[in-house]
**Q** 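Sharing a structure here in structure tokens format.
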Amino acid sequence: MKKTSLSLICLFLVLAVAACGSKSNNNPSEASASASGGQAAGKEKIKFYTFKVSKPDEPIYQAVQAYNESQDKVEVEYVSLVQNSNSTDFMKKLDIMISSGEVADVFMTGNEEELLERASRGVVEPLNSFFEQEKVNPEDEYNKVIKLDDKIYGLLSSSTQWLTVFNREHLEKAGLKLPEMGWTWDDFRDYAKKLTADGHYGTYFHTWGEYANVIAYTERPNPQLDANLNPIFDDPSFKYFFELRRAMEKEDKSVEPYSDVLASNYHVLQQFFAGNASMLAVPSYVVRAGLNQEKFPHDFQMVFAPVPRSVDSQEIGMTSIGGGGLAIGAKSKHKEAAFDFVKWMTKESYKYTHEIPTYKGVDGAALINDFFKENTDLIDTESLTKTLFDPRIKVANTFSVPYGSELKTIVENGFSNYMLNHLSFDEVKTTMTNEVKKVVEANK
């Protein structure tokens with residue numbers, strides 16, 4: 001009787017362990033799928049974690065499928081952790097998984113800061129050795145790479161570049177020509193005055209930290225810090241841009257009052273597409289957003305020019321380039337295969353996503369024509385190509401810090417105090433400087 005009971009207990013334990021193992025294998029892969037519909041035998045298997053949904057009509061999914069079909073060495077399993085395409089929710093889930101021992105071969109982030117924050121924790125594998133092995137200088141191949149302390153931790157899956165977009169009808173009605181590369185923020189102010197008319201302002205400035213000083217984002221290595229991690233608010237561009245914003249609102253009346261913008265909680269593109277602002281300095285995501293007539297109904301054509309330069313700058317073509325990142329997990333046992341996939345995604349996925357790549361080896365005119373040939377009533381493809389692919393375009397030797405979002409908030413608060421409480425620039429500069437120093441010190 002005892003032997004029978006013992007045998008039954010052992011059998012129960014074996015079945016329980018097998019059942020647990022089965023559940024473990026299905027988590028988190030309940031939300032995953034091989035992007036080619038099944039893993040091919042003999043291929044090295046890697047997992048790609050993303051916040052993009054696992055559906056056949058998702059462009060990133062299509063790109064991964066195309067990669068799997070393009071070669072016979074690597075098979076990528078597409079793992080979607082969220083179904084709302086929210087990168088913040090995704091990163092939280094990914095962090096929990098990695099801390100519990102799950103290995104991510106490759107993962108996607110919504111922005112550079114999300115990637116660098118993980119890099120600072122040792123979660124991300126540097127890419128320098130892979131480029132050295134291939135004898136390739138990544139800066140020769142890409143307009144921008146994601147770096148921290150001279151180590152490359154990620155590549156951009158797509159590119160957003162600062163530019164200026166105009167309402168063609170307003171521009172022509174004001175008798176103005178499209179600006180050329182090299183125009184300044186003084187010129188921008190003059191254009192805004194001339195574009196302002198009954199029913200609309202000449203331009204619009206949003207509440208984000210970039211709009212407190214666009215120059216810091218387009219012409220400086222870091223928008224708040226120098227190479228020694230000291231605040232840069234003594235940089236002349238800060239006083240210039242703060243005063244420019246106040247003058248355009250109070251004197252020129254060419255921009256919607258900052259207090260009204262705060263109270264209205266607009267989308268950054270809302271006033272431009274509503275015809276309430278004639279031009280907008282903004283990242284290039286405005287291009288594709290302009291095709292979403294359900295969200296931004298309008299009938300005017302967008303025309304494009306480079307972002308203005310600072311008045312005292314001797315260089316032209318400076319801009320800011322950003323975007324989502326692709327990174328390799330530090331604990332991956334398939335790093336060579338992962339790098340092959342990351343590299344392919346940066347060079348080929350744009351054919352499926354129709355996003356602008358940071359890879360330099362593309363034909364810009366052919367790409368823009370292919371993307372928007374059916375939408376020339378809304379997009380002037382000639383000026384867009386000239387703006388995005390001008391050979392004079394350059395970015396500063398930029399660096400980022402994992403706590404960049406905290407520094408940006410400090411500038412947003414400082415600018416808000418400047419505009420709403422009628423403080424002098426020197427007063428808010430002192431506060432911003434002290435607050436930034438605190439954050440830097442806390443992160444040493």
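If you read the sequence from its start, that first residue is 1, and numbering goes on from there. Scope of the values below: all heavy atoms of this structure, side chains included, with no hydrogens, waters or symmetry mates.
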**Q** A side-chain contact here means heavy atoms from C-beta on lying under 4.5 Å apart; do His298 and Leu378 qualify?
**A**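 They are in side-chain contact.
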**Q** Can you tell me how far apart OH (Tyr191) and CG (Leu178) are? Round to the nearest 0.5 Å.
**A**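 Nearest 0.5 Å value for the OH-CG distance: 7.0 Å.
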**Q** Would you mind reporting whether Glu125 and Ser332 have side-chain heavy atoms less than 4.5 Å apart?
**A**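 No; the side chains remain at least 4.5 Å from each other.
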**Q** Tell me if a side-chain donor or acceptor on Lys144 pairs with a main-chain N or O of Ile321 at a distance below 3.5 Å.
**A**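 Yes, because the side chain of Lys144 sits within donor-acceptor range (under 3.5 Å) of the backbone of Ile321.
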**Q** For Glu382, does the CD atom sit with more than 12 other heavy atoms under 6.0 Å from it, leaving out its own atoms?
**A**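 No, not enclosed.
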**Q** Out of Tyr258, Trp162, Phe241, which one pairs with Tyr211 under the ring-ring contact (aromatic ring centres under 6.0 Å, His included) rule?
**A**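 Looking at Tyr258, Trp162, Phe241, the match for Tyr211 under the ring-ring contact (aromatic ring centres under 6.0 Å, His included) is Trp162.
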**Q** Enter the distance from Gln161:CD to Ile356:CD1 here, rounded to the nearest 0.5 Å.
**A**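 Here the rounded value is 9.0 Å.
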**Q** May I ask you to say whether Arg392 pairs ionically with Glu315, meaning some side-chain N is under 4.0 Å from a carboxylate O?
**A**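 Salt bridge flag = no for Glu315 with Arg392.
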**Q** With the threshold set at 4.0 Å, does a side-chain nitrogen-carboxylate oxygen contact exist between Lys429 and Asp234?
**A**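 Looking at Asp234 together with Lys429, the answer is yes, because their closest N to O distance falls below 4.0 Å.
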**Q** Less than 4.0 Å between a side-chain N and a carboxylate O, is that true for Glu117 and Arg121?
**A**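 Yes, this pair counts.
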**Q** One pair to check against side chain to side chain contact (heavy atoms under 4.5 Å, CB included): Leu116 and Thr109. What are the steps and the verdict?
**A** CA-CA 10 Å; Leu116 289 176; Thr109 66; over 6 Å; no
**Q** With a 3.5 Å cut-off and no angle check, do the side chains of Asn213 and Tyr240 form a donor-acceptor pair?
**A**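 No, Tyr240 and Asn213 have no side-chain donor paired with an acceptor closer than 3.5 Å.
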**Q** Glu219 and Ser237: side-chain donor and acceptor closer than 3.5 Å?
**A**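 No - no donor-acceptor pair under 3.5 Å links their side chains.
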**Q** Considering all heavy atoms of both residues, which atom of Pro283 and which atom of Thr160 are nearest to each other, and what is their separation?
**A**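 Pro283 and Thr160 have their closest heavy atoms at CB-CB, 4.2 Å.
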**Q** According to the interplanar angle, ranging from 0 to 90°, do the rings of His206 and Trp208 count as parallel (below 30°), tilted (30 to 60°) or perpendicular (above 60°)?
**A**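 Perpendicular.
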**Q** Between Phe371 and Arg288, what is the shortest heavy-atom contact and its length?
**A**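 Smallest interatomic distance, heavy atoms only, reads CD2-NH2, 4.0 Å.
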**Q** Take Val261 and Gln271, measure what side chain to side chain contact (heavy atoms under 4.5 Å, CB included) needs, and give me the verdict at the end.
**A** CA-CA 10 Å; Val261 174; Gln271 292 298 77; over 6 Å; no
**Q** Decide yes or no for Lys52 and Tyr61: does some side-chain heavy atom of the first lie under 4.5 Å from some side-chain heavy atom of the second?
**A**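 SC-SC contact between Lys52 and Tyr61 ruled out.
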**Q** Regarding Lys438 and Glu441, does a basic nitrogen lie under 4.0 Å from an acidic carboxylate oxygen?
**A**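 Salt bridge between Lys438 and Glu441, a charged N being under 4.0 Å from a carboxylate O: no.
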**Q** Rounded to the nearest 0.5 Å, what's the gap from CE on Met432 to CD1 on Ile410? Could you check?
**A**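 Met432 atom CE to Ile410 atom CD1 measures 9.5 Å (nearest 0.5 Å).
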**Q** With heavy-atom distances below 4.5 Å as the criterion, would you say the side chains of Val401 and Leu407 are in contact?
**A**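 Yes, close enough: below the 4.5 Å cut-off.
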**Q** I need the minimum non-hydrogen distance between Gln224 and Gly404, along with the two atoms involved.
**A**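 Heavy atoms of Gln224 and Gly404 come nearest at OE1-O, 4.4 Å.
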**Q** Looking at residues at least two apart in the chain, or sitting in another chain, which of them share a side chain to side chain donor-acceptor pair (under 3.5 Å) with Lys335?
**A**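 Result, side chain to side chain donor-acceptor pair (under 3.5 Å) vs Lys335: none returned.
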**Q** Set out, in order, the CA-CA distance, both residues' side-chain angles and the distance that settles side chain to side chain contact (heavy atoms under 4.5 Å, CB included) for Glu348 and Tyr359, then state yes or no.
**A** CA-CA 9 Å; Glu348 301 290 338; Tyr359 177 55; over 6 Å; no
**Q** I'd like to know if Lys93 and Glu102 make a salt bridge, using a cut-off of under 4.0 Å between side-chain N and carboxylate O.
**A**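 Salt bridge absent between Lys93 and Glu102.
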**Q** Picking from Arg168, Lys386, Met302, what satisfies side chain to side chain contact (heavy atoms under 4.5 Å, CB included) with Asp380?
**A**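 In the set Arg168, Lys386, Met302, the residue that makes a side chain to side chain contact (heavy atoms under 4.5 Å, CB included) with Asp380 is Arg168.
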**Q** For Asp149, I'd like to know if atom CG has over 12 heavy atoms of other residues, nucleotides or ligands within 6.0 Å.
**A**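 No, because the 6.0 Å sphere around CG of Asp149 holds 12 heavy atoms or fewer from other groups.
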**Q** Would one find more than 12 heavy atoms of other residues, nucleotides or ligands at under 6.0 Å from atom NZ of Lys347?
**A**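 Yes.
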**Q** Does any non-hydrogen side-chain atom of Met419 lie less than 4.5 Å from one of Thr207?
**A**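 In short, these two side chains do not touch, never coming nearer than 4.5 Å.
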**Q** Report yes if the distance between the aromatic ring centroids of His267 and Phe296 is under 6.0 Å, otherwise no.
**A**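 Ring-ring flag for His267/Phe296: true, centres closer than 6.0 Å.
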**Q** Determine, step by step, whether Phe273 and Tyr204 satisfy the ring pair (Phe, Tyr, Trp, His ring centres under 6.0 Å) criterion, reporting the C-alpha distance in whole Å, the side-chain angles of both residues, the deciding distance to 0.1 Å, and the verdict.
**A** CA-CA 11 Å; Phe273 284 121; Tyr204 170 81; over 10 Å; no
**Q** Under 4.0 Å between a Lys/Arg side-chain N and an Asp/Glu carboxylate O for Arg189 and Glu251?
**A**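 So Arg189 pairs with Glu251 through a salt bridge.
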**Q** Does the separation of the ring centres of Phe272 and Phe300 fall below 6.0 angstrom?
**A**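 Ring-ring flag for Phe272/Phe300: true, centres closer than 6.0 Å.
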**Q** Is the Phe415 to Phe238 ring centre distance short of 6.0 Å?
**A**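 Centroid distance Phe415-Phe238: not below 6.0 Å, so no.
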**Q** Contact between Leu291 and Ile379 at the side-chain level, heavy atoms closer than 4.5 Å - yes or no?
**A**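 Contact flag for Leu291/Ile379 side chains = yes.
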**Q** Taking only residues two or more places apart in sequence, or in another chain, which ones meet Tyr285 in a ring pair (Phe, Tyr, Trp, His ring centres under 6.0 Å)?
**A**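 None.
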**Q** Any Lys/Arg nitrogen of Glu141 or Lys343 sitting under 4.0 Å from an Asp/Glu carboxylate oxygen of the other?
**A**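 Between Lys343 and Glu141 there is no salt bridge, as every charged N stays at least 4.0 Å from the carboxylate O atoms.
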**Q** Sort and list the pairs that fulfil salt bridge (Lys or Arg N to Asp or Glu O under 4.0 Å) and have at least one residue in residues 193-207, not counting sequence neighbours.
**A**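 Listed once each, the pairs are Asp190-Lys194.
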**Q** Is it true that a side-chain atom of Asp226 and a backbone atom of Asn228 form a donor plus acceptor pair closer than 3.5 Å?
**A**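 Yes; judged by distance alone, with no hydrogens or angles, the pair exists.
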**Q** Are the side chains of Pro179 and Phe166 in contact, using a 4.5 Å heavy-atom criterion?
**A**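 Side chain of Phe166 against side chain of Pro179, heavy atoms only: contact under 4.5 Å found.
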**Q** Ignoring hydrogens and geometry beyond distance, is a side-chain donor-acceptor pair present between Gln65 and Tyr352 at under 3.5 Å?
**A**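 No - no donor-acceptor pair under 3.5 Å links their side chains.
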**Q** Please find the pair of heavy atoms, one from Ser320 and one from Tyr217, that lie closest to each other, and give the distance.
**A**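 Distance-wise, the nearest heavy atoms are CB-O, 3.2 Å.
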**Q** Is there a side-chain contact between Leu81 and Met97, using heavy atoms and a 4.5 Å cut-off?
**A**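 Heavy-atom side-chain distance check passes, below 4.5 Å.
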**Q** Establish, yes or no, whether a centroid distance under 6.0 Å links the rings of Phe188 and Trp185.
**A**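 Here the rings of Trp185 and Phe188 have centres that are less than 6.0 Å from each other.
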**Q** Would you sort out whether Ser254 and Leu195 count as a side chain to side chain contact (heavy atoms under 4.5 Å, CB included), showing the intermediate values?
**A** CA-CA 8 Å; Ser254 63; Leu195 286 165; over 6 Å; no
**Q** Give the minimum heavy-atom separation between Ser349 and Ser157, together with the two atoms involved.
**A**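 Nearest heavy atoms, Ser349 then Ser157: OG-O, 4.1 Å.
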**Q** For Glu113 and Ser405: C-alpha separation, side-chain torsions, deciding distance, then whether side chain to side chain donor-acceptor pair (under 3.5 Å) applies.
**A** CA-CA 7 Å; Glu113 284 74 21; Ser405 59; over 6 Å; no
**Q** Indicate the atoms forming the closest heavy-atom contact of Ala104 with Leu94, along with that distance.
**A**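 Looking at all heavy atoms of both residues, the closest pair is CB-CD1, 4.4 Å.
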**Q** Is Asp140 salt-bridged to Lys360, going by a charged N under 4.0 Å from an acidic O?
**A**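 Not counted as a salt bridge, because no side-chain N and carboxylate O are separated by less than 4.0 Å.
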**Q** Hey, is NZ on Lys437 packed in by over 12 heavy atoms from elsewhere, all under 6.0 Å?
**A**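 Counting neighbours around NZ of Lys437, 12 or fewer heavy atoms of other residues, nucleotides or ligands fall under 6.0 Å, so no.
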**Q** Looking only at side chains, do Ser416 and Asn413 share a donor and an acceptor under 3.5 Å apart?
**A**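 Their side chains do not contain a donor-acceptor pair, so the 3.5 Å distance test is not met.
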**Q** Roughly how far, to the nearest 0.5 Å, is the NZ atom of Lys173 from the OG atom of Ser278?
**A**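 With rounding to 0.5 Å, OG (Ser278) is 10.0 Å from NZ (Lys173).
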**Q** Nearest 0.5 angstrom please: His422 NE2 to Leu420 CG, how far?
**A**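 It comes to 7.5 Å.
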**Q** Calculate, to the nearest 0.5 Å, the distance between atoms OH and CD1 belonging to Tyr49 and Ile98 respectively.
**A**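 So the gap between those two atoms works out to 8.5 Å.
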**Q** More than 12 non-hydrogen atoms from neighbouring residues, nucleotides or ligands closer than 6.0 Å to CG on Asp260, yes or no?
**A**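 Counting other residues, nucleotides and ligands, CG of Asp260 exceeds 12 neighbours.
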